Protein chains: 2
Amino acid sequence: MGKGARTRATILTAAVETACLGGFDGLNLKPLADRVGMTKSGLYAHFGSKEALQVATLEHAAELFQARVVAPAKTEPAGLPRLEGVFERWLDWPANAGLPGNCPFFAGVVEFDDCDGAVRERLVRLFRDFRQVVEQLVASAVRHGHLRPGTDPGQFAHELLALRYAHHWAQGFMRDPAALARTQAAFARLAGRAPRELAAGGVR
Amino acid sequence: MGKGARTRATILTAAVETACLGGFDGLNLKPLADRVGMTKSGLYAHFGSKEALQVATLEHAAELFQARVVAPAKTEPAGLPRLEGVFERWLDWPANAGLPGNCPFFAGVVEFDDCDGAVRERLVRLFRDFRQVVEQLVASAVRHGHLRPGTDPGQFAHELLALRYAHHWAQGFMRDPAALARTQAAFARLAGRAPRELAAGGVR
DNA sequence: ATGATATTAGCACGACCGGTCGGAAGCTAA
DNA sequence: TTAGCTTCCGACCGGTCGTGCTAATATCAT
């Protein structure tokens, strides 16, 4: 690992932390360079453009996500436990990976939903890939009899992402202490298991 | 209505549209002034600070939201229909109000979740108020026997917001054509009614 | 050790940011 | 008519932005 690669890794680590706090628009060169003890252009030489820096940061965050959230599933029992494990780790993965602030991917969603470009494209692909992972976990849980037969994996993944999003809102933005309990209760309801306390639900 | 108030309204209309596209960070004075045919400082005289402009824009958007989403509920049958009506209007209210882009409140959530200030404070209050409205609608639906007795309105509101968030992601960002159907199916499941097609759900 | 080549730093440019100021219009009331 | 106030403009401030160019430095094969 050459020195250049090492510096690049240092930069990207700081960049991901910055993106967690201020999003990808907050990835400004000068403050980032100051953080890693470099000048703006010394940093600039590694990427060539702001967009390339954003993409590289996104990529680095995705690797962290893969390692912290998805990969540990391999050692879990297949089916619902594995799915639940991924969801649980997904909830607090930034803190779990030593990152400040909130999930940077969600920041990217609102920052790039109206402006096309390489970052948006990459982010869409990342979400699509992860969604596919979730769908496979759901399908596996169905095969194991942990979820009702006929469950639509796409629909389930949609609602699972909904829960993660609501958690981001309730915990990160509203700072609601009951956020985690609410989200876990919602997951239990989604998975069809009775939550500890009687929660939401309609007439059958 | 004096001339000052009229220009102020013109500015805020354009400001809300801008916020739908670029968020509240994108509320820059010069481009906004150009849009309404004024100079930066002429516009500035109406608000006094950027933060005040953001708050005023938020307020104006909230009035639009109230008029377009909440108010029409008064003429709907009480209970679940009223709740469902609010949810349906909530889904596409920016387009319905003639606004481009996406719901500005969601943009504000990620822009202000880590930086305190007047805008964040106001946004939290808006969300809290709307959440209370939803909870009352849920409680009413329970009293009408449209939702299962014992349904926790807070939990229901949490999951309803989750669905709206997922819709924002799937429709606005991922541009998934199936987004609306997925969201409606999820609402049907949340409300405990059978969706048209077999959707997500767990083992009973 | 030496020369070739990555890699990094210094520096400057043009554009844009939020914000300030003095003054020129236009409206209102006496 | 005239005085006062609201409204708006144009010029300008200090900063920061992304982006290049150039020189110095570190790394590595020979």
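Treat the numbers as computed from the prediction; the structure is a model and nothing was measured.
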Aromatic centroids of Trp93(A) and Phe105(A) separated by under 6.0 Å | yes
Measuring only between side-chain heavy atoms, which start at C-beta, is [X] closer than 4.5 Å to [Y]?
X	Y	value
Glu135(B)	Val138(B)	no
Trp90(A)	Leu161(A)	yes
Thr183(B)	His158(A)	yes

Between Phe112(A) and Arg122(A), is there a cation-pi geometry (under 6.0 Å to ring centre, at most 45° from the normal)?
no
Assess Arg164(A) against Phe106(A): is NZ or CZ under 6.0 Å from the centre of the six-membered ring, and within 45 degrees of the ring's axis? no
> Counting only heavy atoms not in Glu59(B), do more than 12 sit closer than 6.0 Å to its CD atom?
Replying inline: yes
Per-nucleotide protein contact along nucleotides 7-14 of chain D, 5' to 3', at a 4.0 Å heavy-atom cut-off (B base, S sugar-phosphate only, - neither), is SSBB----
Round to a whole Å and report the spacing from [atom1] of [X] to [atom2] of [N].
X	N	atom1	atom2	value
Leu53(A)	dT19(D)	CG	C1'	13 Å
Asp34(A)	dC17(D)	CG	C1'	13 Å
Lys50(A)	dG20(D)	NZ	P	14 Å
Phe47(A)	dT8(C)	CZ	P	10 Å

Residue-phosphate contact under 4.0 Å: Tyr44(B) side-chain N/O, dT20(C) OP1/OP2
yes
In numerical order, the residues of residues 22-29 of chain A whose heavy atoms come under 4.0 Å of DNA chain D are Leu27(A), Asn28(A), Leu29(A)
Lys/Arg N to Asp/Glu carboxylate O, Arg120(A) vs Glu111(A), below 4.0 Å:
no
Note to self: Under 4.0 Å between a side-chain nitrogen and a carboxylate oxygen: does that hold for Arg175(A) and Asp116(B)?
What the structure shows: yes
Students should find that the end-to-end axis angle of the helix from dA1(C)-dT30(D) to dA30(C)-dT1(D), with five pairs defining each axis and rounding to 10 degrees, is 10°
request  = Show your reasoning for whether salt bridge (Lys or Arg N to Asp or Glu O under 4.0 Å) applies to Glu159(A) and Arg182(B).
outcome  = CA-CA 8 Å; Glu159(A) 299 191 28; Arg182(B) 288 251 137 95; over 6 Å; no
Verify whether one side chain among Gln136(B) and Gln132(B) offers a donor that lies under 3.5 Å from an acceptor in the other.
no
